[in-house]
Amino acid sequence: MELYQTVLDHLDSLMKSFPKRKAFPWDENQCWPETERFELVMGRDAAYELGSSQKGAANYTCVTTGNGFWEHSGTIVIGPDLNEITTDTSYARLVILNLASDLLGDTSSHQGSEQAFRILQKLDFIKYHVFAKGFMIRTSSENFREQVRVSKEALRQGITFEKVGNAFLRHYLEVDGVKAATIVFLTDPSVDYGVLLADAKKAHEIMLTLSRILEGMPTDCSMCHFKPVCDEVDGMRELHFGKQVNRSSIKTSSRAKTNNAETGE
């Protein structure tokens, strides 16, 4: 099941719209230094802010198990790089992780679906543990935006998206089963950040739907506000009703065992 196929299709179209994008292959020797914990960059020390409240912004993480565009690890930059920006600008950071085909397990089973959800959750949480020096990230899980303050000192020391991207990639590639990781940074003002924000919301809803399926959702689709996600994601509806069947089988089996015990069979 390609959970994020719609999001990936939109991203593929975006890549084709910007053929002059900059691409940097993964290089462990070009990682921007990190601090041990969250580093506060005060307004007076910041050169500018990416994705400020008056600008477009988006952030999401999605996964694929297919081949194609995302087979090789690296950083893609669409728009001015950090050393070319002089004022607050729109910004998005998108993460695409190419996973081993068996990493998510058999999502038709309850155990496999739970395994898939835990892995996806773990991969999404990595962003909260990357502390690039002089690159203060503020992420909102409620509005799917990401804002970054870039310090003047970091610019003087030569910070670039390639180096920051490599810092992120190092964390993702340390996870067993992640075959390749791609970070896409966008600062081009012509990008439709509203579409990216909608895709970020969709990626979040996919995770939330998977979580709710594991908890047990109602089977009346007309009453469920996650119906649009199941309609769009191939296999999600089957996964949902597979859970209902599994739970019914478990209950039936339990009742049979109880009846047998009572009758002595």
field: Electrostatic pair Glu153:Arg156 at N-O distance under 4.0 angstrom
entry: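 Answer for the salt bridge query: yes.
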message: Is a donor from one side chain sitting under 3.5 angstrom from an acceptor on the other, for Asn143 and Lys201?
response: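 Distance-only check fails for Asn143 and Lys201.
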What closest approach, in Å, do [X] and [Y] show between heavy atoms, and which atom pair accounts for it?
| X | Y | answer |
| --- | --- | --- |
| Ser90 | Gly56 | OG-N, 3.0 Å |
| Leu155 | Ala47 | CD1-CB, 3.3 Å |
| Trp70 | Asn98 | O-ND2, 3.3 Å |
| Ala181 | Tyr172 | CB-CB, 4.0 Å |
| Ile96 | Val184 | CD1-CG2, 3.9 Å |
| Glu28 | Cys31 | O-SG, 3.6 Å |

Without swapping roles, check the side chain of [X] against the backbone of [Y] for a donor-acceptor pair under 3.5 Å.
| X | Y | value |
| --- | --- | --- |
| Asn166 | Gln30 | yes |
| Asn59 | Arg93 | yes |
| Ser17 | Ser13 | yes |
| Arg149 | Ile137 | no |
| Asp88 | Ser52 | no |

Applying salt bridge (Lys or Arg N to Asp or Glu O under 4.0 Å) as the test, list every pair that has at least one member in [range]; sequence neighbours left out.
| range | answer |
| --- | --- |
| residues 56-68 | none |
| residues 9-22 | Lys22-Glu84 |
| residues 158-172 | Glu34-Arg170 |
| residues 128-140 | Glu39-Lys133, Glu49-Arg138 |

query: With a 4.5 Å heavy-atom cut-off, do Thr89 and Pro80 have their side chains touching?
result: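 Not touching, per the 4.5 Å side-chain cut-off.
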query: Does any non-hydrogen side-chain atom of Thr182 lie less than 4.5 Å from one of Ile76?
result: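 SC-SC contact between Ile76 and Thr182 confirmed.
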query: By the rule that ILVMFWY residues connect when side-chain heavy atoms come within less than 4.5 angstrom, directly or transitively, which residues belong alongside Met136?
result: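 Direct or chained contacts put Met136 with Phe38, Leu40, Val41, Met42, Phe131.
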Residue pair His204, Phe144: steps toward the ring-ring contact (aromatic ring centres under 6.0 Å, His included) verdict: CA-CA 8 Å; His204 175 75; Phe144 321 110; 5.2 Å; yes
- request: Could you note down all residue pairs passing ring-ring contact (aromatic ring centres under 6.0 Å, His included) where residues 179-199 supplies at least one of them, sequence neighbours left out?
  value: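 Listed by first then second residue: Phe161-Phe185.
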Stepwise side chain to side chain contact (heavy atoms under 4.5 Å, CB included) test for Lys55 and Tyr91: CA-CA 8 Å; Lys55 303 291 183 179; Tyr91 167 75; over 6 Å; no
field: Stepwise side chain to side chain contact (heavy atoms under 4.5 Å, CB included) test for Thr160 and Val77
entry: CA-CA 10 Å; Thr160 63; Val77 180; over 6 Å; no
- prompt: Please walk me through it: do Tyr60 and Val95 pass side chain to side chain contact (heavy atoms under 4.5 Å, CB included)?
  reply: CA-CA 6 Å; Tyr60 65 71; Val95 180; over 6 Å; no
